[in-house]
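Read the structure below first, then the notes.
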There are 2 protein chains.
Amino acid sequence: MSPKSKEQIEIIRQQSRDNILEAALDLFSNHGYESTSISAIAKAAGISKGLIYNYFEGKDHLLRSILESAMKVGNDIFDQEDDEIRTPQEHLSRIIDQVFLVIRNNRVFWRLIILLSLQKGVGSKMAEMSQKQNKRQITKATSLFSRMGVHKPYKEALLLGALIDGIALQYVGMQENYPLDHQIAHLKERFDLV
Amino acid sequence: MSPKSKEQIEIIRQQSRDNILEAALDLFSNHGYESTSISAIAKAAGISKGLIYNYFEGKDHLLRSILESAMKVGNDIFDQEDDEIRTPQEHLSRIIDQVFLVIRNNRVFWRLIILLSLQKGVGSKMAEMSQKQNKRQITKATSLFSRMGVHKPYKEALLLGALIDGIALQYVGMQENYPLDHQIAHLKERFDLV
DNA sequence: GTCTATAAATTGATAGAC
DNA sequence: GTCTATCAATTTATAGAC
């Protein structure tokens with residue numbers, strides 16, 4: 001009846017979907033997955049409860065959609081190679097920059113990831129994926145430290161991984177005013193990447 | 001009626017109380033506070049729902065009891081001074097050992113602490129307390145690094161704090177087989193504490 | 001495409017029996 | 001000291017009106 005084209009309908013659907021996802025991410029991240037009700041999401045998104053079930057099969061499916069879409073963005077950034085990098089120092093420095101760029105641009109999302117990685121349940125699978133990628137990066141960092149002539153490259157990489165996780169944890173947990181740039185700068189200094 | 005003395009009754013009460021607290025801590029830590037129901041706690045403790053309300057006013061009071069009792073243990077350990085320590089290196093090394101001793105002995109509890117520190121809600125107050133103590137330790141570490149002749153003592157202390165948090169996060173999040181001792185050893189090496 | 005009304009199950013919490 | 005029975009509120013999820 002109404003003269004809307006299929007494209008316009010699709011746009012509206014996408015907007016509604018994204019609106020729900022955005023509200024859900026914010027609540028999941030701030031209050032936790034289990035303690036966030038569908039009603040709360042609907043209220044935050046300014047819509048009715050019923051509409052959510054029009055776009056997502058259930059609460060768990062909603063969470064998985066959030067994780068999948070956001071994880072995609074993260075992977076895209078990590079996979080881009082940079083041919084202009086010459087020294088292992090530059091390479092490591094670049095990786096660190098990319099990691100924190102992703103974290104900075106997806107603060108609420110990463111708080112949710114950390115939250116889920118600590119809990120059994122729905123998000124466990126995602127936590128496993130995250131850990132697998134972490135291992136890959138440890139391997140890469142080890143080889144780079146090795147090329148740098150560091151004495152214990154594997155141990156160094158492991159420690160760097162813990163340090164990055166720690167800074168990320170403090171950053172996403174702090175309300176604001178966290179000296180992220182200072183921490184990154186001093187981190188690079190301490191690992192001879194400057 | 002029954003010939004039980006007041007002391008015996010008190011012992012039974014204490015046992016039941018501790019039994020509930022233990023079950024609740026385990027579930028809160030593994031599945032999160034909000035997603036753990038009173039029914040689940042009762043089942044895990046092998047008792048009825050009603051009994052829980054005989055010992056605790058409600059779910060929030062139960063959580064606070066857990067935090068208070070466990071936090072007490074932590075404070076006791078941190079506050080003990082050691083007069084035999086001479087060099088700032090030894091002092092810092094000792095502090096690090098104490099921190100990880102507490103974390104190691106209360107793994108599930110610290111996972112809960114981190115969990116709560118990331119979420120708004122019931123545990124926020126505890127997270128604030130934890131952060132305050134963190135600041136005190138940063139100050140102490142700064143002065144010790146200063147006495148060691150480190151160039152940027154405050155930045156160094158801040159980075160050490162993040163590293164400790166990161167190792168702790170990985171340790172409590174990992175199922176097992178985390179190389180905690182290796183990480184601590186290499187951490188001390190990298191900060192010239194050996 | 002969105003909403004309201006409602007069903008069915010679960011939650012935190014209480015009262016009273018033993 | 002412990003349990004069972006039960007309440008009121010809230011939860012996820014569905015069906016049907018517009």
Side-chain angles (χ1 to χ4, degrees), chain A residues 1-25 27-28 30-66 119-123, chain B residues 1-25 27-28 30-67 116 119-123:
Chain A
M1 307 307 167
S2 76
K4 284 175 183 164
S5 68
K6 283 186 180 178
E7 290 85 12
Q8 280 177 320
I9 289 179
E10 186 56 36
I11 289 176
I12 292 178
R13 277 192 65 86
Q14 197 61 40
Q15 282 177 340
S16 285
R17 220 184 103 96
D18 289 346
N19 180 33
I20 295 170
L21 284 173
E22 195 179 340
L25 170 58
L27 289 172
F28 285 163
N30 280 303
H31 304 273
Y33 168 72
E34 306 274 2
S35 62
T36 300
S37 68
I38 298 283
S39 307
I41 297 173
K43 187 182 282 184
I47 55 165
S48 71
K49 275 190 295 186
L51 190 59
I52 293 182
Y53 288 96
N54 195 327
Y55 289 97
F56 302 95
E57 292 174 17
K59 209 174 140 183
D60 53 340
H61 185 258
L62 183 50
L63 175 63
R64 245 184 305 142
S65 296
I66 290 175
Q119 293 180 239
K120 296 172 180 170
V122 202
Chain B
M1 312 295 170
S2 74
K4 284 175 182 161
S5 69
K6 284 185 178 177
E7 290 85 11
Q8 281 176 320
I9 289 179
E10 185 56 36
I11 288 175
I12 291 178
R13 277 193 65 86
Q14 197 62 39
Q15 281 177 342
S16 285
R17 219 184 106 97
D18 289 347
N19 180 32
I20 295 170
L21 284 173
E22 194 178 341
L25 170 58
L27 289 172
F28 285 164
N30 280 303
H31 304 273
Y33 168 73
E34 306 273 2
S35 63
T36 301
S37 67
I38 298 283
S39 307
I41 297 173
K43 186 182 282 185
I47 54 164
S48 70
K49 273 193 297 185
L51 190 58
I52 293 181
Y53 289 95
N54 196 325
Y55 289 97
F56 302 95
E57 292 174 18
K59 206 174 145 184
D60 54 340
H61 184 259
L62 183 49
L63 175 64
R64 245 185 303 142
S65 297
I66 290 176
L67 296 178
L116 294 175
Q119 293 180 237
K120 296 172 181 170
V122 201

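FYI, side chains are in, hydrogens and waters are out, and symmetry mates aren't considered; it's all heavy atoms of this structure. Everything numeric in this text was worked out from a predicted model, so none of it was measured. Below, read A as the first sequence line, B as the second, and so on, with proteins coming before strands; counting in each chain starts at 1.
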> When rounded to the nearest 0.5 angstrom, what is the spacing between CG in A:L21 and CG in A:L62?
Replying inline: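 So the gap between those two atoms works out to 6.0 Å.
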> First and last nucleotide of DNA chain D in contact with chain A, 5' to 3', at under 4.0 Å to a heavy atom: what are they?
Replying inline: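 The contacted stretch runs from D:dT11 to D:dT14.
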Which atom names give the shortest non-hydrogen contact between [X] and [Y], and what distance separates them?
X     : Y     : answer
A:I41 : A:I20 : CG2-O, 4.2 Å
A:K59 : A:T36 : NZ-O, 2.7 Å
B:Y53 : B:G58 : CE2-CA, 4.1 Å

> Checking A:Y33 side chain against A:D60 main chain: does a donor-acceptor pair fall under 3.5 Å?
Replying inline: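 Pair found, side chain donor or acceptor close to backbone of A:D60.
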> Would a distance-only check, ignoring hydrogens and angles, find a side-chain to backbone donor-acceptor pair under 3.5 Å from B:Q119 to A:H31?
Replying inline: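 Yes, B:Q119 side chain to A:H31 backbone: donor-acceptor pair under 3.5 Å.
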Provide a list of protein-nucleic acid N or O atom pairs under 3.5 angstrom, restricted to nucleotides 10-13 of chain C.
| unit_1 | atom_1 | unit_2 | atom_2 | d |
| --- | --- | --- | --- | --- |
| C:dG12 | OP1 | B:K59 | NZ | 3.0 |
| C:dG12 | OP2 | B:I38 | N | 2.8 |
| C:dA13 | OP2 | B:Y53 | OH | 3.2 |
| C:dA13 | OP2 | B:K59 | N | 3.1 |
| C:dA13 | N6 | B:K49 | NZ | 3.2 |

>> Going by side-chain contact (heavy atoms from CB on, under 4.5 Å), name the residues that satisfy it together with B:E34, two or more places apart in sequence or in a different chain.
In response: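 Per chain and number, B:E34 pairs via side-chain contact (heavy atoms from CB on, under 4.5 Å) with A:S35, B:V122.
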> Side chains of B:N54 and B:L51: closer than 4.5 Å at any heavy-atom pair?
Replying inline: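 Yes. Closest side-chain heavy atoms under 4.5 Å.
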> Counting any heavy atom closer than 4.0 Å, what does A:Y55 reach on the DNA or RNA strands: base, sugar-phosphate only, or nothing?
Replying inline: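 Answer is sugar-phosphate: A:Y55 comes under 4.0 Å of backbone atoms only.
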